Structure formats: C-alpha cells, structure tokens
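Residue numbering restarts at 1 for every chain, and letters A, B, ... go by the order of the sequence lines. Computation of the quantities below employed the complete heavy-atom set of this structure, encompassing side-chain atoms and omitting hydrogens, waters and symmetry-equivalent molecules. Everything numeric here is computed off the predicted structure, so don't read it as measured data.
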2 protein chains.
Amino acid sequence: FIEFSGLTKSYVTDADRVDALRSLSIDVKEGTFLGVMGPSGSGKSTLLSILGGLCRPTAGRISVDGIDLYALGQEQLADFRREYLGFVFQAFNLVPYLTALENVMLPLAVKRIPRREKRDRALHALERVGLQNREGHLPSQLSGGEQERVAIARALVNTPPLILADEPTGSLDSQTSHDIMELFNALNAEGQTIIMVTHNDEIRSYFDRIIRLRDGAVHEDLVGRTR
Amino acid sequence: FIEFSGLTKSYVTDADRVDALRSLSIDVKEGTFLGVMGPSGSGKSTLLSILGGLCRPTAGRISVDGIDLYALGQEQLADFRREYLGFVFQAFNLVPYLTALENVMLPLAVKRIPRREKRDRALHALERVGLQNREGHLPSQLSGGEQERVAIARALVNTPPLILADEPTGSLDSQTSHDIMELFNALNAEGQTIIMVTHNDEIRSYFDRIIRLRDGAVHEDLVGRTR
Ligand SMILES: Nc1ncnc2c1ncn2[C@@H]1O[C@H](COP(=O)(O)OP(=O)(O)OP(=O)(O)O)[C@@H](O)[C@H]1O
Ligand SMILES: Nc1ncnc2c1ncn2[C@@H]1O[C@H](COP(=O)(O)OP(=O)(O)OP(=O)(O)O)[C@@H](O)[C@H]1O
Ligand SMILES: [Mg+2]
Ligand SMILES: [Mg+2]
C-alpha cells in the first residue's frame, strides 16, 4: 500500500546541514496499524510529512496505493491529500478564527453534500473524542488536550483510507490517551491504515508493527502484536 | 511561599460558561518540587497561568513571597514576572523569527550585563537541554521535542526563584524526559521552587508533593517522596 525506497531528507540552514532521514526503504501493507517511535530529533515528523505529501524528499521514491507522490504536480498532490489522507499534526495546526466544529468541518469543505450533513458528521467526530460540549469554542478557548482532540476529530471526519498521526496523545492524560487509542483501534478494525508517531511506551500494544528510528535510520522493525 | 485561597476562574463564551477552577485554597512552601496532575480540561494550565500573573482570577487571592499578585498594576506585574518567574508554556510560545539562542536570551534582555555574557549564559542553558548544536535554527527548523527544550532552556536561563512548567516533557521520548527531569531535580536541589503540570505518570517519583485536579477542584493532595 505504501512503499518507499532510498528515502532521504537533508535540511540545509545557513549554519549547518541536518540529515534528518538517511535512505529509508520500507513497505507498509494496507490495513496496518503502524507505530513509529524513536528519540526526539530522530526524523519521525519528517518521515510523516513526506508520507503526507507535505515535504519533498531530497532523494528516493515514495508511492501510496501505486501513486508516485512526488511525480505529481502541486494540484494533483493537493487532490491526493484530500482524497486519501487524514493528518494529525504535532502542533495541531487548528485555524484560530474558526470554532472547534468549523475546524472539524474543514476536510468536508469541497464535498458535494448538504451543509447540514457536514455539521452532523463533524459533530459526530467531536463526540467520538469526547468534545461535543466544546463545539463553539475557539482554539484559544480550549485546553491543550482539547485542541489535540479537535485535531484528531478533523483528521477522521472524512473517513480517509490513510491516517497519519504525529504524537496524537502527546497532550493527553493516561485515561484520555487510552480512549483515543481505542478509537483508532476501532477505525483500524474497519480497514483504515494508520501510521502513528508516538513516544508513549504505554500504548505500544495497540500496534501491529513498530518501527524505531534513530538518527534518521531504522534502528528496529518489530512485527506482531504479542509484545 | 505561595498561598492562594478561594481561587476561582470561570470562562464565559457566547455559548456557555466553563468553571475551570472552583475555589482552590493551597499553600506551597519554598523549595518544593510540586507536581500538578489530572485529566485533560481539569484546570491545570489555568492554575499555572494564574500563578504566573498571566490570567486574572474571577475570585480569590493569590500571593507569592508575600506579594498579592492581582493587587499589582500591569507594570508591576510585568516586573514581578521578570524577577521571579521562569515559565514553560504548554504551546512553547517561541518567537518564530528568532533563533533558538536568541529565544533563550530573551529573559536576559533588560539585564545590565554585557551582551557577550548573555550569549554565554544562553548557550550554557541550551547545553543543559542537549541543544547546543541547534543554536542557529529558527523554531520552524526544529523538531517538536527540540522546540520544547528551547522553551525549557529559556525558562531557566535567569535562574528564577520560581519555575512554572506546563507539561515540559509532553513532546519528549522517555530517555529525554528523564534527562530533563534530572535537570529540574538539580535546580530544585539548588533551591528553586518548581511547580510542574504533567500527565506523565512515569516521572511522579521526582515530586515532593502531587496535587491532582478534577473538574477544577483538588481531588487528591499527596506529600512525601516515597510513592
Ligand atoms: N479562554 C477560554 N474560554 C473558555 N473556556 C476555556 C478557556 N480556556 C480554557 N477553557 C476551558 O477550561 C477548562 C480548563 O482548561 P485548562 O487549559 O486549564 O485545562 P488543562 O487541565 O490544562 O487541560 P489539558 O491537560 O488538556 O492541557 C477546559 O475545559 C477548557 O475548555
Ligand atoms: N526545517 C528544518 N530545517 C533544519 N533542520 C530541521 C528542520 N526541520 C527539522 N529539522 C531537524 O531535523 C531533525 C529531525 O526532525 P523531526 O522533526 O523529524 O524529528 P522528530 O523525530 O519528529 O522529533 P520530536 O520527537 O522531537 O518531534 C531534528 O534534529 C531537527 O532539528
Ligand atoms: Mg516530531
Ligand atoms: Mg493544559
């Protein structure tokens, strides 16, 4: 479903060059619940943004469902993201002047369904993350963990075939983290492929497979739920 | 050292009213390493921002080192923050157009010491969080955990008597979290009072005392390091 070979990313700033990813080659089957772990700075967010068509690799190829991502033009890449992806950003990236409900409705913006149904679907997504009673709040009127859950609801509202989540439990307490993992588990059981970056060891048992990065390379690749 | 009585905070939006803190009364001795825990939305960040003079309570009084915080004028409150506080924000709040080093130098801005010494102190603070080789990067050129550590270094560079840290390990892997907690431990041993909001159970043993909030009230108050 997802294949990358020789995937490399280097960032060049005035002062230095950072080799964030060093020639990664990985295959991910459809329907996998994949965990990506590793120390701060090991390249996890970089990998996810390349997978999400948000960051052009320095070298290497990546295809999702047979589509060579970076061979697409800008417009086609935007279409790809809209059709295939739900993305939970490490920094949430909520629109500050839209309410929680309006933020969750964003991925439905260009769908040709009635506005009323968009509202209902968004409200349902907010219920699934426990935030139906915060629908009218702006991001600045929400706690850290509430903003994170709005970002999660937004990624799910479109039921995309591929969910990329960058540390979706980073701002949540234990109990809420487990509720959220149960939600992702249910979506994975319904067929959605999920790639989740996390540094939370407590949730490891949810993954079918765990890839550990270190300094931009694969340090460990474990398959199988009995861990 | 810190005393609040009847501390209450209600947020009123168009749609509803949220009672974030309900009449809290707590005393914190100088030199304490206090952990504040509790579910998402229980009022932890609200408590911390009131303690930091950043958010006016709806009712109740709070004094730090004998100073009645909200009896001060705006200018005096700013002086108080500069003299007494190091604050690590849940969302980091780094200045986007300043490098990591310049961000860490900010609390030294109005100190009458030579610029060269400000640079040295800031570089030393970055070393303590393992980021000396990222000094020239802008926040957008740093990973999530690196931005978090720059925010921590900035809070420490002034060796303030009171450190308020809102989930300072939220974006860090286990190993880096422990390194950061060892750093806070060392500062506490040198006499700094530290109040840390966290949802990370793994680091509980570092605290002298743990207050658990639930729906804006104290649910549990545990003293003593043997837990
Ligand atoms: N400006 C605001 N306007 C309205 N409601 C607010 C505002 N800020 C916070 N709230 C609400 O107050 C409650 C407490 O918020 P607070 O940020 O203190 O929670 P928290 O314990 O830090 O949560 P988290 O662990 O998710 O960061 C939340 O339910 C939130 O929705
Ligand atoms: N735009 C950029 N310019 C320069 N260097 C960058 C840029 N973005 C990231 N980096 C560097 O690349 C490395 C990998 O970053 P990345 O965000 O992928 O790490 P990560 O594994 O997600 O870390 P964390 O767990 O802290 O979020 C980091 O060391 C970071 O400093
Ligand atoms: Mg990251
Ligand atoms: Mg908070």
Got a second to check how far B:L138's CG is from A:D14's CG, nearest 0.5 Å?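 Atom-to-atom, B:L138:CG and A:D14:CG are 8.5 Å apart.
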Can you tell which of [options] has the highest number of heavy-atom pairs within less than 4.5 Å of chain B?
options	answer
A:G145, A:S171, A:G136, A:S174	A:S171
A:A91, A:S45, A:G144	A:G144
A:E135, A:R134, A:E202	A:R134

Residues in side-chain contact (heavy atoms from CB on, under 4.5 Å) contact with A:R82, at least two apart in sequence or another chain: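 By the side-chain contact (heavy atoms from CB on, under 4.5 Å) rule, A:R82 matches A:D79, A:V110.
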If every non-hydrogen atom of [X] is compared with every non-hydrogen atom of [Y], which pair is closest and at what distance?
X	Y	value
A:H199	B:T169	NE2-O, 4.3 Å
B:D16	A:N133	OD2-O, 3.7 Å
B:D173	A:G38	CB-O, 4.0 Å

Could you tell me whether A:R212 atom CZ has more than 12 heavy atoms of other residues or ligands within 6.0 Å of it?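 Yes, the 6.0 Å shell around CZ holds more than 12 heavy atoms from other groups.
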Greater than 12 external heavy atoms within 6.0 Å of B:R81's CZ: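 Yes, the 6.0 Å shell around CZ holds more than 12 heavy atoms from other groups.
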What residue, out of [options], has the most heavy-atom pairs lying under 4.5 Å from chain A?
options	answer
B:T198, B:D166, B:T13	B:T13
B:T176, B:L142, B:L172	B:L172
B:G170, B:G41, B:S143, B:S177	B:G170

Side-chain heavy atoms of A:S40 within contact of B:R149, under 4.5 Å: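 Counting from C-beta outward, A:S40 and B:R149 do come under 4.5 Å.
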Quick one, A:V18 and B:H137 - any side-chain contact, counting heavy atoms below 4.5 Å?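 The answer is yes; the side chains approach within 4.5 Å.
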With a 4.5 angstrom heavy-atom cut-off, is it the side chain or the backbone of A:Q175 that approaches chain B, or both, or neither?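 Neither part.
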